[in-house]
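Just so we're on the same page: letters track the sequence lines, and every chain starts at 1.
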Amino acid sequence: MDFNDADLRSRYWHTTSHIMAHAVKRLYPETRLGIGPSIDQGFYYDFDHETTFSPDELKNIEQEMKKIIREKLPLERFELPRQEALDLMEEKGEIYKIELIHDLPEDEVISFYRQGDFVDLCSGPHLEHTGQVKAVKLTQAAGAYWRGSEKNKMLQRIYGISFPDRQMLIDYIQQQAEARKRDHNKLGRELGFFTTTDYIGQGLPIMLPKGAKVLQILERFVEDEEEKRGYQLTKTPFLAKSDLYKISGHWQHYQDGMFVMGDPEKEAEEEVLALRPMTCPFQFQAYLQKTRSYRDLPIRYSETSTLFRNESSGEMHGLIRVRQFTISEGHIICTPEHLDKEFSDSLELARFMLKTIGLYEDVSYRFSLWDPKDTDKYIGSAAQWDAAQSAMRRILDHMDLDYTVADGEAAFYGPKLDIQIRNVFGKEDTLITVQIDFQLAERFGMTYTDKEGHKQHPFIIHRTSIGCYERTLALLIEKYAGALPLWMAPEQARVLPISEKHITQAEQLAEKLRQHGLRVTVDQRDEKVGKKIREAQMDKLQYMLILGDQEVEAGTVSVRSRKEGDMGVMPVGDLINRLLRESNERVN
RNA sequence: GCCGCUGUGGCUCAGGGGUAGAGCAAUUCACUCGUAAUGAAUAGGUCGUGAGUUCAAUUCUCACCAGCGGCUCCA
């Protein structure tokens with residue numbers, strides 16, 4: 001059995017989910033079945049069950065699954081005409097399956113799989129018999145809405161995973177434990193990058209000096225790079241009157257996600273302000289401050305922009321989902337002729353950033369379209385959406401980019417190309433996004449005069465280059481397990497004097513390195529050098545500089561690198577050159 | 001917002017209806033030390049917050065707050 005084969009793996013896990021459902025039905029016959037697919041890593045099944053399954057109950061289910069596996073029950077496929085299929089599910093009381101059958105197209109073949117006395121509506125495919133599943137573990141129970149809609153009932157979901165042999169399961173569990181050690185939310189707090197407090201609140205992290213330093217390094221790098229690429233920096237206000245958001249459509253389509261100050265009911269008498277959830281309308285105001293010619297375009301605005309979004313309580317997570325964050329935001333205002341180049345340049349800039357920080361290999365691309373069935377969520381007409389989407393599709397295909405298409409994931413004003421990344425738990429999030437907008441220029445009355453002297457509405461590209469800094473930092477911490485590459489490390493080297501009598505020289509050495517712009521500290525504590533090394537290692541320091549009698553006398557320094565260990569002594573000048581080269585070349 | 005788990009000194013954790021312990025960290029002292037933890041002493045907590053039950057609550061119940069895993073939503 002080749003478990004590297006994705007199809008086989010998914011069949012394997014899908015069959016395991018049937019075994020789990022079978023076990024649940026044996027133990028809790030009243031339970032009704034939802035759906036139970038295989039996923040990236042394992043499988044789940046949703047059950048309509050009175051209470052959440054406790055860890056003990058999961059153990060029992062696991063035991064029952066082992067019995068079913070030992071019974072080596074064959075999985076038999078059979079098909080039924082629609083009415084008979086409905087009758088069968090009716091007889092078993094499977095109301096959710098009935099709903100699924102009703103939603104199948106008229107001409108769809110309706111198939112079932114049977115193992116022993118358990119029958120499930122399913123298109124398959126499956127393994128031949130339950131005995132082929134060897135090592136099983138149910139990993140967690142969680143609530144999940146029926147058909148993914150919060151308007152529906154919440155079912156009880158059980159996640160699990162299975163493998164063809166015991167050792168693979170042990171390895172998997174081990175691997176998960178290792179991954180968890182990289183979790184930015186744990187490591188980032190331990191290493192002193194950020195913290196949160198009850199008094200400030202959820203989703204509002206405090207960036208401690210170390211975290212703040214990394215963000216500053218990234219921000220300066222991005223601002224400088226964007227300036228080289230023709231962007232102009234703006235600094236726009238963090239809040240605005242509701243009037244602004246009414247024009248942009250945020251008031252109608254995004255208000256739930258905004259912090260509003262004042263009472264919208266009394267708007268006639270009182271001022272109502274809101275913190276900005278996006279930068280676009282602000283930079284549009286900058287564009288509007290004078291009349292524009294086609295000769296002025298493209299105009300590329302960028303801003304290291306702090307945004308505020310009122311996320312609901314259960315959605316916050318470490319630095320990945322927060323209520324206040326800072327993004328490398330920018331808007332390119334251009335003519336139709338510029339669109340292709342500006343869009344592909346924006347994407348190229350984002351990919352350059354990913355390469356520089358070392359995440360280039362870890363991302364996937366998602367082309368996010370609107371949902372024409374849910375037009376209330378969006379502004380603009382179907383014709384405008386078709387135009388923007390087909391323009392983006394044309395550019396993407398021209399760039400030979402490997403992407404997936406996601407319906408209903410667009411912004412309310414236009415389609416997006418999202419650069420997706422997975423965190424240490426395998427959960428996918430958007431890191432970077434580049435969007436095409438054919439709508440907001442018109443709403444804001446943004447125009448330029450074309451060659452013929454006619455007023456035209458420009459096209460707008462909404463884009464971020466490195467994404468939101470907090471989220472990017474979170475993924476960097478996970479990628480490098482806290483040991484950030486030298487160029488972005490908050491503390492690049494630490495001088496470790498052997499004893500108290502070397503402290504003065506240690507300070508002099510550190511000062512000399514600082515003169516070259518290196519971020520260096522001295523461990524002045526009255527501790528043995530072994531302990532100082534151990535703690536520097538745990539603090540993820542890239543370089544430890546040990547200074548004792550020998551080095552002081554010879555004018556050298558003993559260098560220990562995190563990666564290579566003891567590197568022996570070297571002249572201070574050599575050390576400086578080495579550190580500067582590694583830092584300036586942004587070696588990852 | 002929804003389903004569930006968790007909350008004990010700065011950190012990791014033990015305990016448990018009769019007002020609390022360990023290791024690390026911190027402070028002080030001694031040692032002046034050569035590549036992943038020197039030793040000793042001292043100090044530090046109204047057990048997340050607020051109600052309720054009880055003679056008595058950190059322990060039981062409820063609510064709230066915060067952290068975690070999912071769902072929904074999203075950069």
Kindly say if [X] contacts the phosphate of [N], meaning a side-chain N or O under 4.0 Å from OP1 or OP2.
{"X": "Lys416(A)", "N": "A75(B)", "result": "yes"}
{"X": "Lys153(A)", "N": "C71(B)", "result": "no"}
{"X": "His462(A)", "N": "A75(B)", "result": "no"}

Roughly how many Å apart are [M] and [N], using the [atom1] atom of each and rounding to a whole number?
{"N": "G7(B)", "M": "C64(B)", "atom1": "C1'", "result": "14 Å"}
{"N": "C65(B)", "M": "U53(B)", "atom1": "C1'", "result": "23 Å"}
{"N": "U8(B)", "M": "G23(B)", "atom1": "C1'", "result": "15 Å"}
{"N": "G69(B)", "M": "U32(B)", "atom1": "P", "result": "49 Å"}
{"N": "U59(B)", "M": "G48(B)", "atom1": "C1'", "result": "15 Å"}
{"N": "A75(B)", "M": "G16(B)", "atom1": "P", "result": "48 Å"}
{"N": "G9(B)", "M": "A51(B)", "atom1": "C1'", "result": "26 Å"}
{"N": "U61(B)", "M": "A57(B)", "atom1": "P", "result": "16 Å"}

Pair partner, [N] [Watson-Crick or wobble, under 3.5 Å]:
{"N": "C73(B)", "answer": "none"}
{"N": "G4(B)", "answer": "C68(B)"}
{"N": "A40(B)", "answer": "U28(B)"}
{"N": "C62(B)", "answer": "G50(B)"}
{"N": "G16(B)", "answer": "none"}

query: Which comes earlier along RNA chain B counting from the 5' end, the contact point of Val529(A) or that of Lys377(A), where each point is its nearest nucleotide?
result: Val529(A)

message: For Cys468(A) and Gln156(A), find the nucleotide of RNA chain B closest to each by heavy atoms; which residue's nucleotide sits nearer the 5' end?
response: Gln156(A)

Starting the side chain at C-beta, find the nucleotide from [options] nearest to [X].
{"X": "Tyr159(A)", "options": "C71(B), U38(B), C3(B)", "answer": "C71(B)"}
{"X": "Lys531(A)", "options": "G34(B), U38(B), A75(B)", "answer": "U38(B)"}
{"X": "Glu535(A)", "options": "G70(B), G34(B), A25(B)", "answer": "A25(B)"}
{"X": "Thr52(A)", "options": "G4(B), G1(B), C74(B)", "answer": "G4(B)"}
{"X": "Asp429(A)", "options": "C74(B), U72(B), C33(B)", "answer": "C74(B)"}
{"X": "Ala142(A)", "options": "C33(B), G4(B), G69(B)", "answer": "G69(B)"}
{"X": "Met154(A)", "options": "C2(B), G67(B), G34(B)", "answer": "C2(B)"}
{"X": "Ile546(A)", "options": "G70(B), A75(B), U35(B)", "answer": "U35(B)"}
{"X": "Lys528(A)", "options": "G34(B), C33(B), U35(B)", "answer": "C33(B)"}

Under 4.0 angstrom, heavy atoms only, what part of the nucleic acid is [X] near: base, sugar-phosphate, or nothing?
{"X": "Gln537(A)", "value": "base"}
{"X": "Gly530(A)", "value": "sugar-phosphate"}
{"X": "Glu409(A)", "value": "nothing"}
{"X": "Asp198(A)", "value": "sugar-phosphate"}
{"X": "Arg321(A)", "value": "base"}
{"X": "Ser313(A)", "value": "base"}
{"X": "Asp526(A)", "value": "base"}
{"X": "Glu190(A)", "value": "nothing"}
{"X": "Phe53(A)", "value": "nothing"}
{"X": "Gly467(A)", "value": "nothing"}
{"X": "Glu470(A)", "value": "nothing"}
{"X": "Gly426(A)", "value": "nothing"}
{"X": "Leu307(A)", "value": "nothing"}
{"X": "Phe425(A)", "value": "sugar-phosphate"}

- prompt: Between Lys235(A) and Glu303(A), is a salt bridge (charged side-chain N to carboxylate O under 4.0 Å, His left out) present by the stated rule, with each step listed?
  reply: CA-CA 6 Å; Lys235(A) 293 277 185 195; Glu303(A) 182 159 339; over 6 Å; no

Expressed as a whole number of angstroms, how long is the span from [X]:[atom1] to [N]:[atom2]?
{"X": "Arg534(A)", "N": "G34(B)", "atom1": "CZ", "atom2": "C1'", "answer": "18 Å"}
{"X": "Trp146(A)", "N": "U72(B)", "atom1": "CH2", "atom2": "P", "answer": "13 Å"}
{"X": "Asp46(A)", "N": "C2(B)", "atom1": "CG", "atom2": "C1'", "answer": "14 Å"}
{"X": "Gln202(A)", "N": "C64(B)", "atom1": "CD", "atom2": "C1'", "answer": "12 Å"}
{"X": "Arg309(A)", "N": "U72(B)", "atom1": "CZ", "atom2": "P", "answer": "19 Å"}
{"X": "Lys427(A)", "N": "G69(B)", "atom1": "NZ", "atom2": "C1'", "answer": "9 Å"}
{"X": "His250(A)", "N": "A75(B)", "atom1": "NE2", "atom2": "P", "answer": "10 Å"}
{"X": "Asp371(A)", "N": "C73(B)", "atom1": "CG", "atom2": "P", "answer": "11 Å"}

Using a strict 4.0 Å threshold on nitrogen-to-oxygen distance, state whether [X] and [Y] make a salt bridge.
{"X": "Glu348(A)", "Y": "Arg229(A)", "result": "yes"}
{"X": "Glu409(A)", "Y": "Arg366(A)", "result": "yes"}
{"X": "Glu361(A)", "Y": "Arg351(A)", "result": "no"}

Just by distance, with hydrogens left out, do [X] and [Y] show a side-chain donor and acceptor under 3.5 Å apart?
{"X": "Gln202(A)", "Y": "Glu311(A)", "answer": "no"}
{"X": "Tyr96(A)", "Y": "Asp48(A)", "answer": "yes"}
{"X": "Glu219(A)", "Y": "Thr304(A)", "answer": "no"}
{"X": "Ser302(A)", "Y": "Glu329(A)", "answer": "no"}

- request: Classify the side chain of Tyr199(A) and the base of G48(B) as holding, or not holding, a donor-acceptor pair under 3.5 Å.
  value: no

field: hbond_proxy Glu311(A) side chain to A75(B) base (donor-acceptor, 3.5 Å cutoff)
entry: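 Yes, a donor-acceptor pair under 3.5 Å.
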
- request: Would you indicate whether Arg220(A), at its atom CZ, is surrounded by more than 12 heavy atoms from other residues, nucleotides or ligands within a distance under 6.0 Å?
  value: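 Incorrect, the count does not exceed 12.
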
task: Using atom types as modelled and distance alone, determine if a side-chain donor or acceptor of Asn152(A) lies under 3.5 Å from a backbone N or O of Trp146(A).
output: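 Flag set: sc Asn152(A) to bb Trp146(A) pair under 3.5 Å.
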
